[in-house]
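Just so it is clear, the model here is predicted, and its values are computed rather than measured. Chain letters run A, B, ... following the sequence lines, proteins first, then strands; residues in each count from 1.
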Amino acid sequence: MIDIKILRNDPEQVTATLKNRKTDVDLQKILDLDNERKEIIFRLDQIKQQRNENSGKIGKGKVDPLEKQTLIEETRRLGDEIKTGDSKLRDLTDEINNRMLTIPNSLHESTPIGQSEEDNPENYRWGKLPVFDFPVKHHADLAEQLDILDAPRGVKLAHSRFTLVKGAAARLERALMNFMLDIHTENHGFEEVIPPLLINSQCLTGTGQLPKFEEDLFKTTDGLYLLPTAEVPLTNIYREEILKEDALPVYLTAHTPCFRSEAGSYGKDTKGYIRQHQFNKVELVKLTHPDKSYEELELLLKNATEILERLELPYRVISLCSADIGFSAAKCYDIEVWVPSEDRYREISSCSNCTDFQARRANIRFKPNEGGKTRYVHTLNGSALAVGRTVVAILENNQMSDGSIKIPEVLIPYMRGLTKIEMRTYD
RNA sequence: GGAGGGAUGGGAGAGUGGUUGAAUCCGGCGGUCUUGAAAACCGUUAUACGUAAGUAUCGGGGGUUCGAAUCCCCCUCCCUCUUCCA
């Protein structure tokens, strides 16, 4: 949530943000409601003051009995007025809040203005693209031959966009999560946690998935949601808390499955393992001092790209432009990995600085060392990495002419010595 | 699932209708003392809105009352006992 003071003092700035983001919110309505609210508060405070004075007099018995009855009756009328006023005020405040929750975060000055994802500038590329002297295969075809990803049976067990992961692919996913978590905990200073996978609506409102994006989520019958990303529980760990400044920055990582309904992406990536309702992801979250969040974003990006470099997978980093950046982010880098069968890079990570936007929604603050007012922390999150898509990248980039897959050097110990995924032979 | 108990300031914990935004203790901060530290002692120590007067806040919502942390109702969460279970 943005600070309503920004909207009051500089509505043009918010209007510009909305325009650049290609979205629309009725700001004038919010401002009107806000003014109405101010007036009600002012009037109500005066009535309450009068009521409190009257009650004080009655209580102290300083009024003579005749006047007392009149005063009580008069005060009762004030009470009625307060009652209706308070309920009006509450409704008004709720409506303002609900509308405020639909305003996206302000953009950082370095976030490029663009009209669509076409306008996301590329920052740099890393790695040599693989050259194949045989026809490149799609990972779904490779996996089918190797009998390691089973889409039809995923459908049988659940629904379309679910895949049964088998044998060497299952081991590869397990190896990747362990590898990624080990790097982040041992080299990058993140604390590993295992959060609940079912999340309540307050948390999802805190990180910005609710109320606007409910249709992207799976909801359970008792009102909880399957998490769409570990960003939600990790960022919300300190919801409604005040941290000590010395506790910052907080670095958290988790491996979790993620669940997304993928509403609105019918027909996209229907073949293969790119777009699933359930996928594994290792997530990084940072809670930082507001003055440090942009340098922390650069570090976060490095934390994520390091995984790809160690796996020797070619990637590029792009900056999301105003039309493509997420609702909660002020600035966001996407890391895209090379996918040979598509002859292009595909998203494998998103690293965002959400500034105080989520912290304000979730009420995550810290007490400055030098004293004074509590301030909102800045929250950052990044995938490092999406495990399923990493499997896709390894299958495709490391495919051999015979359809076998070379295991990246750093994963071999995690694969219990397996260096290659080959055709299974059933006797 | 069954029965009961509870939710108060950073923490512990008083407070059953009228200067109680809230005793006391711990913690935090400042000071006295000390070469320094500890101990002791003194002071101080919530948040939001508002230029201010002020208003609101004792889990959340509603009600009773001139007046509610305190009484009544609903909801949420937590705990204990019991049952079941990886």
I'd like the [atom1] distance from [M] over to [N], given in whole Å.
N	M	atom1	result
B/U57	B/U70	P	11 Å
B/G15	B/G1	P	33 Å
B/U24	B/G9	C1'	13 Å
B/G67	B/G60	C1'	23 Å
B/G10	B/U19	C1'	27 Å
B/G6	B/U16	P	14 Å
B/C77	B/A38	C1'	43 Å
B/G11	B/G4	P	31 Å

**Report entry** Flag, side chain of A/Arg360 to backbone of A/Met1, donor-acceptor distance under 3.5 Å
**Finding:**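 Confirmed, A/Arg360 side chain pairs with A/Met1 backbone.
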Query raised in the report: Just by modelled atom types, is the A/Met100 backbone N or O under 3.5 Å from a matching donor or acceptor in the A/Asn97 side chain?
Result: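 It does not hold such a pair.
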N/O contacts under 3.5 Å, protein versus nucleotides 54-56 of chain B?
from, atom 1, to, atom 2, distance (Å)
B/G54, O2', A/Gln49, OE1, 3.4
B/G54, N2, A/Asp45, OD2, 3.4
B/U55, OP1, A/Asn52, ND2, 3.2
B/U55, O2', A/Asp45, OD1, 2.9
B/A56, OP1, A/Arg51, NH2, 3.1

Query - side-chain hydrogen bond (donor to acceptor under 3.5 Å, both in side chains) contacts in which one or both residues fall within residues 19-31 of chain A, not counting sequence neighbours - result: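 Qualifying pairs: A/Lys22-A/Gln115, A/Gln28-A/Asp32.
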Provide, to the nearest angstrom, the distance between the [atom1] atom belonging to [X] and the [atom2] atom belonging to [N].
X	N	atom1	atom2	value
A/Leu243	B/G10	CG	P	14 Å
A/Asp86	B/A68	CG	C1'	14 Å
A/Lys68	B/G67	NZ	P	13 Å

Report task. Applying ring pair (Phe, Tyr, Trp, His ring centres under 6.0 Å), name anything that partners A/Tyr251, two or more places apart in sequence or on another chain. Result ->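 Listed in chain order: A/Phe190.
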Requested in this report: Counting heavy atoms from C-beta on, name the nucleotide in B/U47, B/U64, B/C49 closest to the side chain of A/Lys83.
Outcome: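 The answer is B/U64, which lies nearest to the side chain.
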Query raised in the report: Which nucleotide sits closest to the side chain of A/Phe42: B/C66, B/G50, B/A52?
Result: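 The answer is B/A52, which lies nearest to the side chain.
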Query raised in the report: Under 6.0 Å between the ring centres of A/Tyr294 and A/His108?
Result: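 Yes, the ring centres sit under 6.0 Å apart.
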Report summary line: Reading nucleotides 70-76 of chain B from 5' to 3' and marking B where a protein heavy atom lies under 4.0 Å of the base, S where only the sugar-phosphate is that close, and - otherwise, the string is -------
Query raised in the report: So what does A/Lys38 touch, heavy atoms closer than 4.0 Å: a base, only the sugar-phosphate, or nothing?
Result: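 The residue A/Lys38 makes no contact with any strand.
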Query - Any residue of residues 197-207 of chain A with a heavy atom less than 4.0 Å from an atom of RNA chain B - result: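 Contacting residues: none.
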Query raised in the report: Are side-chain N/O atoms of A/Asn381 and A/Thr235 paired as donor and acceptor at under 3.5 Å?
Result: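 Looking only at side-chain atoms, A/Thr235 and A/Asn381 do not form any donor-acceptor pair under 3.5 Å.
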Short N/O separations, protein against nucleotides 18-21 of chain B, under 3.5 angstrom:
from, atom 1, to, atom 2, distance (Å)
B/G18, N2, A/Ser55, O, 3.0

